[in-house]
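When reading the values below, keep in mind they use all heavy atoms of this one structure, side chains included, and skip hydrogens, waters and symmetry mates. The chains referred to below are lettered A, B, ... by the order of the sequence lines, with proteins before strands, and numbering in each begins at 1.
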There are 2 protein chains.
Amino acid sequence: MVNSSFKALSHPIRRQIVERLAAGPATVGEVTGDFGVSKPAISKHLKVLEESGVVTRVIDGRNHVLSLRTETLDEATDWMVRQREIWTRLFDVVEDHLKEEQR
Amino acid sequence: MVNSSFKALSHPIRRQIVERLAAGPATVGEVTGDFGVSKPAISKHLKVLEESGVVTRVIDGRNHVLSLRTETLDEATDWMVRQREIWTRLFDVVEDHLKEEQR
DNA sequence: CGAACTGTTAACCATTTAGTGAACTGTAGC
DNA sequence: GCTACAGTTCACTAAATGGTTAACAGTTCG
């Protein structure tokens, strides 16, 4: 699932949609915003977000209401944070080593 | 730059390379590992990682030594963490609202 | 009912991506 | 000098991506 999350986030339009939805649920029309692309293009991006598990959709009359599936995004975030912890630790080791040498 | 970082991380092989490099610098041969793909394929993945600013390369004799450019990855990590903070806050608001209603 | 509205599907196109094998560049070491 | 080694570049393919317009499906409302 981490796989498809990163793929979903690899397009600027999709990231902007996620940014919008992080602030709360919205309809397709609302997330469409002012990207200079057609409705079918947005529709496809939403499909990618949905199939990757990043977004869910609830149909309400003629509106489709979109929400973030935060659990999915949490997984991807955790991967990044975990890597950061690892390379930060490494950096500290190097730092310590340099301090050691200065003495 | 956040753009290309996510794109760089959108392929499982490239993420595994990043995982390897998070633990410390390594040569091309070392990161190649046991993905079932040819050397040219790895070479291309490394090019993507390098051009996206995620990885740097220092040539030492006939070995190319790769390292993570952590600043670049920090940007992407920060984007994710920032979004998480936003949707977490939203979640708390909903939580509070539900508690409010239970009373 | 019929028109307007919200959104998707279908068919198509151009570009990018991910992979391949073969050939090449440069370094190491006998 | 020659061979082995580390890695890239080239030329090519197949599939995926991102976009388009045109047509469709369902909902709302006068």
Can you measure [X] atom [atom1] to [N] atom [atom2] for me and round it to whole angstrom units?
{"X": "A:I59", "N": "C:dG7", "atom1": "CD1", "atom2": "C1'", "value": "9 Å"}
{"X": "A:E30", "N": "C:dT6", "atom1": "CD", "atom2": "P", "value": "11 Å"}
{"X": "A:L9", "N": "D:dT17", "atom1": "CG", "atom2": "C1'", "value": "16 Å"}
{"X": "A:R15", "N": "D:dG18", "atom1": "CZ", "atom2": "P", "value": "12 Å"}
{"X": "B:R62", "N": "D:dT3", "atom1": "CZ", "atom2": "P", "value": "16 Å"}
{"X": "B:N3", "N": "C:dT16", "atom1": "CG", "atom2": "C1'", "value": "15 Å"}
{"X": "A:L46", "N": "C:dG7", "atom1": "CG", "atom2": "P", "value": "9 Å"}
{"X": "B:H64", "N": "C:dT25", "atom1": "NE2", "atom2": "C1'", "value": "10 Å"}

pair [X]-[Y]: side-chain heavy atoms closer than 4.5 Å:
{"X": "A:T56", "Y": "A:L66", "answer": "no"}
{"X": "B:V18", "Y": "A:W79", "answer": "yes"}
{"X": "B:I17", "Y": "B:F35", "answer": "yes"}

Mapping A:K47 and B:P40 to their closest nucleotides on DNA chain C, which lands nearer the 5' end?
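It is A:K47 whose nearest nucleotide is closer to the 5' end.
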Along DNA chain C (nearest heavy atom to each residue), the more 5'-positioned of B:H11 and A:S43:
A:S43
Quick check for you: among [options], whose closest atom lies nearest to any side-chain atom of [X]?
{"X": "B:K39", "options": "D:dG7, C:dT17, C:dG19", "answer": "D:dG7"}
{"X": "A:V37", "options": "C:dT20, D:dG19, D:dT8", "answer": "D:dG19"}
{"X": "A:R14", "options": "D:dG7, C:dG7, D:dG18", "answer": "D:dG18"}

Toward the 5' end of DNA chain D, which comes first, B:I42 or A:S38, by nearest nucleotide?
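That would be B:I42.
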Closest contact, heavy atoms only, B:I86 versus A:A22
CG2-O, 3.4 Å
